[in-house]
Amino acid sequence: MDFAQLMDEFSPFDARLADLDYRNDLYGHARANCPVHRSNALGGFWVVSGYEEIVEVLQDPGTFASGPSVRIPTNPARPTLPPIDSDAPAHRDWRRLLNTFFSPAGLTPHRETIRCIAGDLAESIAEKGQCDLMAEFAEPFSAYITGRVLMGIDDDDRIKEIQRSNHGIAQAHDRAETEANWNRLHAHVEDLYDERVRQPRPDDLVTAITQAEVEGRPVTRDEACSCLMILHLGGLDTVTDAIGSITVRLTEQPDLTELVANPEWMRINLDEFLRLNTPVDHEGRTVTRDVELAGRHLRQGDRVMLMYTCANRDERAFEHADRLDFQRQRNRHLAFGMGPHRCVGSHLARLEIEIGFEELLGRIRDLRITPGDRVTWKVGLSFGPKRVPISYRAQPRR
Ligand code: HEM
C-alpha cells in the first residue's frame, strides 16, 4: 500500500478505516513518518497524529483555537456549540457553570438512577440469550442517562426520540438525513429550554444553563440551546462506543470478565481500555497565527485535526502501545483530550461505564460473538463498534 499517497488524501470519514488492520497500518505509518502531515481532503487540513505534537497543540489554545468550530469540515449552517467550540474568556464561564454539575460530588445524587437504568436494561436482555449489545444495551443506556440525569426528562418516548435523532446524526447515510436528525434534536432542546424558562427547577442542569451568564451578560436562547446540543452529542456516542469496544474485548479475552464486573478494579483500569480503543477519533482546531509544528509551517487560518485514537497508540509515549497493559505506571492518554477543553463529562462517563458493566455482567456471562455474525466498526468522529452481536448465558437475578 502506498501509505504516503493515502496520507496526502487522508479523511477520517474514509470507509476503509472500518477495517481495523487497514486503520492500524495507516495510523502506524502516520505516527512514525509524518506526525504532522498535510491532507488535501475536506478542503485541506493538517493531520496531527503524534502524541507529543497533539499535546503541544492542546497546551497552546491561544495559537490553536477551538472557535468557531472543532468540526472539520465546518458546516457553516450549524451554530457554534459552547463550550467545545468556544475560547477564553467565554469558555471559562461555560466550564465554571458545567463543572459544578459534572464534578464527582455533583454526580453523587445520580448514582442510583444510573444503576437502575443499567439494571433494567441488563434485565431486558438477559433471558434472550443473544442480542446486539449496541442497539439493546449501550445506546439506550447512554440515551436514558442523558435524558433522565442530565436533562431531567421522565418521558421514555421522548428519550427514545433523542436516541433516534442522535443515532441519525452520527450514522446517517446522506447529508439530508443527517440534517433532518440534527433539526429534530435541535427542536427538542428548544422545547426543553422553553419548558425550564417557564418552570425553573432547583439543582437542575438545564435550568442553570437557561440562567447562565457568560462574559458578564445573560446567555441568549440560541447559545443555551447550542450548549444543550453538545451535552446531548457529547454524552451519547462516546460512552456507547466505550462500552461496545470493551465488550468486544471481553469476547476476545474472557478472563477479563471478572475484573471488568468489579467497579473498584474498573475505577483504576478503565483508562487503559480508553487509551487502546479511544471513542473520540479526532477533534479540530484553527491556527490563529503562523506557527511551526514538528518542522511544518502552519499558516494563520489553517485547520488541524488532532487524531486522538492514533496518538494514544504512539510508541514514543506508551511502551508496546498496541497492547492492553494494566501495569502501566504513567497513562497520560488523550481519550478525554487535555488542557482547557478536557472532557467535562469524564467523571460521568467513568461512572456510567463502571456501573454499566457491574450491572450487565451481574446478569449475563460467557459473552461471545454470535456464531455466523460479526462485529462491524464505525468511521468518522467517533470510533467504536456499530454492531456487537453477542450470545451469552443469563446469571440468576441478584
Ligand atoms: C468515554 C466517554 C467520553 C469520551 C471518550 C469523551 C471524550 C472527549 C474529548 C476527547 C473531549 C475534548 C474535545 C476537544 O479536544 O476539543 C471532550 C470534550 C467534551 N465532552 Fe466528552 N467524552 C466522553 C463522555 C462525555 C459525556 C458523558 C459528556 C456529557 C455530556 C461529555 C461532554 C463533553 C463536553 C461538553 C465537552 C466539551 C468540553 C470543553 O470544550 O470544555 N463527554 N470529550
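Just so we're clear, the structure is a prediction, and the values are computed from it rather than from any experiment. Whatever order the structure lists them in is the order used to number ligands and atoms, beginning at 1.
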* Asked: Is Arg198 salt-bridged to Glu195, going by a charged N under 4.0 Å from an acidic O?
  -> no
* Any side-chain heavy atom of Asn277 sitting closer than 4.5 Å to one from Ile246? -> no
* Among protein atoms, how many N/O/S atoms lie less than 2.8 Å from atom 21 (Fe) of ligand 1? -> 1
* **Short N or O distance, Arg95 and ligand 1, threshold 3.5 Å exclusive** => yes
* Give the atoms of ligand 1, by number and element, whose distance to some non-hydrogen atom of Arg285 is under 4.0 Å. => 14 (C), 15 (O), 16 (O)
* Cationic N near anionic O, under 4.0 Å, Arg363 to Asp120 -> no
* Okay, side chain of Asp14, backbone of Ser11: is any donor-acceptor separation there less than 3.5 Å? -> no
* To do: Salt-bridge test for Asp85 and Arg78: reply yes if a basic N is under 4.0 Å from a carboxylate O, no otherwise.
  => no
* To do: Decide, yes or no, whether a salt bridge links Arg96 with Glu213 under the criterion of side-chain N to carboxylate O below 4.0 Å.
  => no
* Asked: Among Phe383, Phe102, Phe101, which one has a heavy atom closest to atom 29 (C) of ligand 1?
  -> Phe102
* Asked: Is it true that a side-chain atom of Ser226 and a backbone atom of Leu81 form a donor plus acceptor pair closer than 3.5 Å?
  -> no
* Measure the distance from atom 15 (O) of ligand 1 to every protein heavy atom, then report the residue, atom name and distance (to 0.1 Å) of the closest one. => Tyr308 OH, 2.6 Å
* Structure fact -> For Leu150, the ligand 1 atoms with a heavy-atom partner under 4.0 Å come out as 30 (C)
* Just go through Ile84, Asp87, Leu58 and tell me whose heavy atom is the nearest to atom 37 (C) of ligand 1. => Ile84
* To do: Using distance alone, determine whether Arg342 and ligand 1 share an N or O pair under 3.5 Å.
  => no
* **Check ion pair Arg221-Glu190 (N to O, under 4.0 angstrom)** => yes
* **Carboxylate-amine/guanidinium contact Asp366 Arg393, below 4.0 Å** => yes
* **Within reach of ligand 1, part of His341 (heavy-atom separation under 4.0 Å)** => both
* **Whether Thr288 side chain and Gly62 backbone form a donor-acceptor pair below 3.5 Å** => yes
* In the protein, what heavy atom is nearest to atom 30 (C) of ligand 1, and what distance, to one decimal place, separates them? -> Leu231 O, 3.4 Å
* Considering heavy atoms of the protein only, find what lies nearest to atom 13 (C) of ligand 1 and give residue, atom and distance to 0.1 Å. => Glu283 CG, 3.7 Å
* Structure fact -> re atom 5 (C) of ligand 1, the protein heavy-atom contact at minimum distance is Ala335 O, 3.4 Å
* Answer yes or no: does an N/O atom from Ser66 fall short of 3.5 Å to an N/O atom of ligand 1? => no
* For this output row, return yes or no: ring centroids of Phe101 and His110 closer than 6.0 angstrom. => yes
* Is the closest basic N to carboxylate O distance between Arg316 and Glu53 below 4.0 Å? -> yes
* **His91 heavy atom under 4.0 Å from ligand 1** => yes
* Below 4.0 angstrom, N of the basic side chain to O of the carboxylate: do Glu258 and Arg365 qualify? -> yes
* Asked: At under 4.0 Å between heavy atoms, which part of Trp94 makes contact with ligand 1: side chain, backbone, both or neither?
  -> neither
